Amino acid sequence: MKKIILTIAAVILAASALDARGLNITAGYAMGLDKETEASGEKTKEFSNGFHIGIGYTIREVIGDSWNIDTGLQYINLWGKKNREFKTIDGNVIKGQEVDSYIQLPVRLNYSWDTENCDFFLFAGPKFLFGLKSQFRTSDDLLINWYARQSQNSYKRFNLMLGIGGGVYVGEHLRIDVGYDWGVLNRYKGDYKDEGYKLYESMLNVGVALCF
């Protein structure tokens, strides 16, 4: 614990030498939307809810005074609804709950402008995701790992999203932002992809950041 406290203190001291709003610590709400197309052409949508937490950095004034680049590293965890029905590739229907976690790396081009009371910004750009866990726990406690061989490696770990959003700085050290990202890659691979299944994930993030 002492080492952790010293590390955090060192980061804060280092950040104080940087421009305000450079380094930030962020956390907030996340919502996932899975859009699935079965081999038959039937389409379904499933929502999940969770949180994100991480660190970021703003590279300021890359083009003039108003254009910046935001990047960072975040952990995100999502829980699907309980007793969700899922149809397997062999036609069986199982019930359970989906749990997913990722490391995500956003890279956003940011345009900002100042007002008398606060500063606003808009952003757009890609977000790269790497899957840490993707599991479906059935009602009889059977655990299906979508990244493991038992499920024919059904999901890709890597995903690419494109998103837009905006936010506001309140004072020098508090930021509120909201963004929405659309997945551009089919998450399915292996037997599911070969059979014509498609799964695209979109994501909403609402966050608050402490900026140094």
Side-chain angles (χ1 to χ4, degrees), residues 7-8 11-12 14-35 48-78 100-114 118-134 147 155-189 198-212:
T7 301
I8 294 174
V11 170
I12 294 175
S16 65
L18 303 172
D19 289 342
R21 304 178 184 175
L23 183 70
N24 61 78
I25 299 174
T26 184
Y29 168 75
M31 183 192 74
L33 171 60
D34 288 346
K35 297 181 179 180
S48 55
N49 296 279
F51 69 91
H52 71 267
I53 185 170
I55 59 173
Y57 189 77
T58 300
I59 305 172
R60 303 182 65 187
E61 300 178 358
V62 293
I63 305 174
D65 296 334
S66 301
W67 292 94
N68 315 294
I69 293 178
D70 285 326
T71 188
L73 196 65
Q74 300 173 350
Y75 170 80
I76 182 167
N77 207 96
L78 297 169
D100 294 293
S101 61
Y102 308 93
I103 293 294
Q104 61 180 16
L105 171 64
V107 181
R108 316 293 203 183
L109 183 62
N110 170 323
Y111 177 79
S112 63
W113 67 96
D114 302 340
C118 53
D119 301 343
F120 295 91
F121 62 93
L122 298 173
F123 63 80
K127 181 168 72 174
F128 306 94
L129 284 86
F130 181 79
L132 300 176
K133 178 175 67 176
S134 188
Y147 295 140
Y155 285 178
K156 299 174 183 176
R157 286 188 180 270
F158 177 76
N159 199 0
L160 170 65
M161 294 184 166
L162 299 177
I164 59 173
V168 58
Y169 283 98
V170 182
E172 284 292 321
H173 300 287
L174 182 65
R175 186 187 75 197
I176 302 171
D177 58 74
V178 57
Y180 195 86
D181 298 272
W182 291 266
V184 299
L185 300 180
N186 182 4
R187 288 191 68 190
Y188 276 130
K189 69 175 186 176
K198 297 178 182 179
L199 179 61
Y200 292 91
E201 184 176 26
S202 300
M203 194 175 297
L204 171 71
N205 286 273
V206 181
V208 176
L210 180 63
C211 307
F212 300 96

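Because the structure is a prediction, the values reported are computed rather than measured.
Under the side chain to side chain contact (heavy atoms under 4.5 Å, CB included) criterion, I103 pairs with L73, Y75, L132, sequence neighbours left out. Residues forming a ring-ring contact (aromatic ring centres under 6.0 Å, His included) with F123 (at least two apart in sequence, or on another chain): none. Residues forming a side-chain hydrogen bond (donor to acceptor under 3.5 Å, both in side chains) with Y180 (at least two apart in sequence, or on another chain): none. Scanning for salt bridge (Lys or Arg N to Asp or Glu O under 4.0 Å) contacts around R108 gives D181, with sequence neighbours left out. Legend: residues meeting side-chain hydrogen bond (donor to acceptor under 3.5 Å, both in side chains) with D177, ordered by chain and number and at least two apart, are R175. The ring-ring contact (aromatic ring centres under 6.0 Å, His included) check on F128 picks up nothing, with sequence neighbours excluded. Shown here are the side-chain hydrogen bond (donor to acceptor under 3.5 Å, both in side chains) partners of S134, two or more places apart in sequence or in another chain: E98, D100. In terms of the side-chain hydrogen bond (donor to acceptor under 3.5 Å, both in side chains) criterion, residue partners of Q74 (sequence neighbours excluded) are, by chain and number, Q104. For the salt bridge (Lys or Arg N to Asp or Glu O under 4.0 Å) test, no residue two or more places apart in sequence or in another chain qualifies with D34.
A heavy-atom distance below 4.5 Å is not found between the side chains of Y29 and F51. Counting heavy atoms from C-beta outward, P106 and D70 have side chains that stay 4.5 Å or more apart. Within the 4.5 Å cutoff, the side chain of L204 has heavy atoms near those of the V178 side chain.
In this structure, CE on M161 lies 6.0 Å from OG on S202, to the nearest 0.5 angstrom. Going from atom CG of L174 over to atom SG of C118 covers 11.0 Å, rounded to the nearest 0.5 Å. Separating the CD1 atom in I55 from the OG1 atom in T71 is a distance of 10.0 Å, to the nearest 0.5 Å. The line from CD1 of I59 to CG of L109 is 11.0 Å long, rounded to the nearest 0.5 Å. Distance check: Y111 OH to L122 CG gives 9.0 Å after rounding to the nearest 0.5 Å.
Considering all non-hydrogen atoms of both residues, Y147 and Y155 come closest at CD2-O, 3.5 Å. What you find for G50 and L78 is that their closest heavy atoms are N-CD2, 3.8 Å. Nearest heavy-atom pair, N77 versus S101, reported as atom, atom and distance to 0.1 Å: OD1-CB, 3.3 Å. The two residues L105 and G72 make their nearest non-hydrogen contact at CD1-O, 2.6 Å.
Within the structure, every pair that satisfies the salt bridge (Lys or Arg N to Asp or Glu O under 4.0 Å) test and touches residues 198-212, not counting sequence neighbours, is listed here: R187-E201. Contacts classified as side-chain hydrogen bond (donor to acceptor under 3.5 Å, both in side chains) and involving residues 203-212 (residues at least two apart or in different chains) are given here: H52-N205.
The side chain to side chain contact (heavy atoms under 4.5 Å, CB included) with Y200 is formed by just one residue from the set N186, L33, L185; it is N186.
At distances below 3.5 Å, at least one donor-acceptor pair connects side-chain atoms of R157 with backbone N or O atoms of G131.
Taking the six-membered ring wherever Trp is involved, the centroid distance between the rings of Y102 and F130 does not fall below 6.0 Å.
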